[in-house]
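Everything on this sheet refers to the single structure shown next.
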There are 2 protein chains.
Amino acid sequence: MATLKDIGAELGLSVATVSRALNGFPEVSLKTRTKVQETADRLGYRPNRVAQRLVTGRSGMVGMVVKIKPDMSADQTFFEMLTGLTAALSARETDLVLAVDQGGDPVLPYRKLLERGILDGFILNAPVTDDPRVTFLREQGIPFVLHGRDRATPDYPNFGIDNAAVSATSVDMLAHLGHRRIALINGELRHAYAAERLEGFRAAMARHDLAPDSARNGATFESHAYTRALELLAQADAPTAFVCASTVIAAGVMRAVRDRGLSVPGDVSVMAHDDALPLTRAISFDPALTVTRAPLRDACEPLANMLVDHLGGVPAEALQVMMDVELIVRGSTGPAPKGG
Amino acid sequence: MATLKDIGAELGLSVATVSRALNGFPEVSLKTRTKVQETADRLGYRPNRVAQRLVTGRSGMVGMVVKIKPDMSADQTFFEMLTGLTAALSARETDLVLAVDQGGDPVLPYRKLLERGILDGFILNAPVTDDPRVTFLREQGIPFVLHGRDRATPDYPNFGIDNAAVSATSVDMLAHLGHRRIALINGELRHAYAAERLEGFRAAMARHDLAPDSARNGATFESHAYTRALELLAQADAPTAFVCASTVIAAGVMRAVRDRGLSVPGDVSVMAHDDALPLTRAISFDPALTVTRAPLRDACEPLANMLVDHLGGVPAEALQVMMDVELIVRGSTGPAPKGG
DNA sequence: CTGAAAGCGCTTACAG
DNA sequence: CTGAAAGCGCTTACAG
């Protein structure tokens, strides 16, 4: 590997000048700059990142932790983001280092990664309300960016969707179709997104003078959603519309509706929030699923850029974005049934 | 962050001695060593990896490339290994850096990662026959370890299963059950594992004096497997047993068998090789699937250790392991039908 | 516009 | 058994 010294030796220049030429310092003469650049290209010079990092104090690496389940599998949503983040970070000359959280103390993998002393910051995802990882990294003074937010008014860089608006948009649309009994089949309430969706659901239902008691929170398995939907459908005042936290949940709900001998959207409307995961595509449902849509992958580039910008000195206040989601109406929703 | 200098200053020792004490050099006196260790602990000293790396020339980081499909999703088998590898590498003080292969030149992401000059080596998976990545890394002189092998007699560290034996074990078992017409529903032939399975299949069939013409290679989607099995079942001399390259393929084959009005294992036996992926569990089939089994995850620790050992100077010849697979007989295989 | 020098935090021959 | 010194490859005040 060619070094600055090699280039300097060829041209009779000091490493200092070569360094400045290559890094675009304005005081270097055009003639010198061209010669240096040309020699660097010819020698295939690549700056030694390790040396740069030692002197700048930055490592050019950020960390991310995969949480794996007891069966050693990880969340589909994590991997969905992982590839996008890696690509986006790479465009900013930053590498992504991975660690695993085997369960237990959620802070431990971050602590261990920090002890290695090689990371500039972290990307966190899937926050729970008042996330202990946020508390830890903040008190350590380590920069990080969060996908979503773990509290109402975050003081760290974050990028996410307006989860209250997800519920509000869904409820508004269904209410305008005449639905009065609307159910929310939500994720686990400890997850910040689920808490926000529930809150948004309650507020929206209240605005329409509807009873918000048909909300069910829990694990986002298809089978769980199926069971919870069956329970609601067995009630005297069964819902005529379901708002689902994910497309997987919607699949369970649709199955339950049909097992009750009801039709979608004739008897029951079903809609979901769609993260655009490749394995459960809203458009492949029959009928195609009405959704609020916000592809997880769309968050990757903003998150990567925010973190790198933050490391470069941009204050957290300037790096907080809450996106609105898109409403896509398809065949799975329709007017409330007569006399429903 | 405390440095060697800080520790030395506290104790009136040179950084050289402190360094030696901390790194377990034998010449340091016990008394000094204890004092240094104690002070290091008290100060919360963590070696600066970047500095260590600059001087040793090693980075303590290895790379891995995710190949993502046009729909931006990645292979389940990749993620299955990713978490296991990260954990195993971490135990050896090594970090895993990720990059993505967006399609196109398979060598490009490796080249780009190398240009950053921060990686000691690579872990490769899913080799194709005579893999160009192997050629590239070899000519660059970069250490790597391969899951599986891309040629018959590899000269690099590798860990994998005996794919020819996978086929042989399967065919032997089915032949002993009286099956004469055995089909192989294989993966894409450009993948080294698929080529090895096919070769093993042909050899085993020949040993039993059976015609090995019922082999079909192709993409490992459930739907493709379904189609290919239907074609074979429609023939006059339809197979009475199927050896499947994966559990996903087995699912497609079983569906085809049933759509033909046939039963498993009464009319047709079905077995598969099982990588123990969490999403398609052989035991959840009905009837439970007979398999040759070799969990992908079992490869993670050996691969991680092999790479780190190789970086530490262990020659490639000492780091080549081909594992035998386990045969687990369950309900999806049985005697060949009478007159079949 | 360019160079000599110091320094980032460590490791490791070389002396003693 | 310990220290002084050189050096890994870079960046960046400080001079000139």
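So you know, we letter chains A, B, ... as the sequences are listed, proteins then strands, and number each from 1.
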Practice item. Mind calculating the distance between CG (Asn23(A)) and C1' (dT12(D)) to the nearest angstrom? Key: 11 Å
Check your understanding: Relative to the 5' end of DNA chain C, which residue comes earlier, Thr17(A) or Val15(B), by the nucleotide with the nearest heavy atom?
Key -> Thr17(A)
Exercise for review: Determine the contact category for Val28(B): base if any of its heavy atoms lies under 4.0 Å from a base atom, sugar-phosphate if only primed atoms, P, OP1 or OP2 are that close, otherwise nothing.
Suggested key: sugar-phosphate
Study note, to complete from the structure: In whole angstroms, the gap separating C1' of dG3(D) from CD of Glu27(B) amounts to 12 Å
Check your understanding: Got a donor-acceptor pair under 3.5 Å from the side chain of Arg20(A) to the base of dG3(C)?
Key -> yes
Exercise for review: Take atom CG of Leu54(A) and atom P of dT12(D), then tell me their distance rounded to the nearest Å.
Suggested key: 13 Å
Exercise for review: Identify whether any heavy atom of Gly12(A) sits under 4.0 Å from a base atom; if not, whether one sits that close to sugar-phosphate; answer base, sugar-phosphate or nothing.
Suggested key: sugar-phosphate
Review point. Rounding to a whole Å, what distance do you find between Arg49(A):CZ and dT11(D):P?
Key: 10 Å
**Study point:** Among dT11(C), dG3(C), dC10(D), the one nearest Leu4(A) by side-chain distance
**Key:** dC10(D)
Practice item. Specify the separation, in whole Å, of atom CG of Asp6(A) and atom P of dC10(D). Key: 9 Å
Exercise for review: Provide, to the nearest angstrom, the distance between the CG atom belonging to Leu22(B) and the C1' atom belonging to dT12(C).
Suggested key: 15 Å
Exercise for review: Begin with the C-alpha distance, continue with both residues' side-chain angles, and end with the deciding distance and a verdict on salt bridge (charged side-chain N to carboxylate O under 4.0 Å, His left out) for Asp150(B) and Arg133(B).
Suggested key: CA-CA 10 Å; Asp150(B) 79 324; Arg133(B) 302 173 299 169; over 6 Å; no
Exercise for review: Could you point out which residue of Val18(B), Leu22(B), Thr39(B), Val36(B) forms a side-chain contact (heavy atoms from CB on, under 4.5 Å) with Tyr45(B)?
Suggested key: Leu22(B)
Practice item. State the pairing partner of dG16(C); accept Watson-Crick or G-U wobble contacts with both distances under 3.5 Å, and report none otherwise. Key: dC1(D)
Review point. Counting just side-chain N and O atoms, does Thr3(B) come under 4.0 Å of either OP1 or OP2 of dC8(C)?
Key: no
Check your understanding: Side chain of Ser19(A): nearest nucleotide among dT11(D), dG3(D), dC10(C)?
Key -> dT11(D)
**Study point:** Most 5' of Thr56(B) and Gln52(A) on DNA chain D, judged by nearest nucleotide
**Key:** Thr56(B)
Revision key, fill the gap. Tyr45(A) atom OH is separated from dG9(D) atom C1', nearest whole Å, by 8 Å
Check your understanding: Going through the distances and angles, do Asp95(A) and Arg49(A) end up as a salt bridge (charged side-chain N to carboxylate O under 4.0 Å, His left out)?
Key -> CA-CA 11 Å; Asp95(A) 295 302; Arg49(A) 300 277 169 207; over 6 Å; no
Review point. Closer to the 5' end of DNA chain D via nearest nucleotide, is it Leu13(B) or Ala51(B)?
Key: Leu13(B)
Study note, to complete from the structure: Arg53(A) CZ to dC8(C) P, in whole Å, measures 19 Å
Practice item. Applying ring pair (Phe, Tyr, Trp, His ring centres under 6.0 Å) between Phe144(A) and each of Tyr156(A), Phe136(A), Phe122(A), report the one that passes. Key: Tyr156(A)
Check your understanding: Got more than 12 heavy atoms from elsewhere within 6.0 Å of CD, Gln320(B)?
Key -> yes
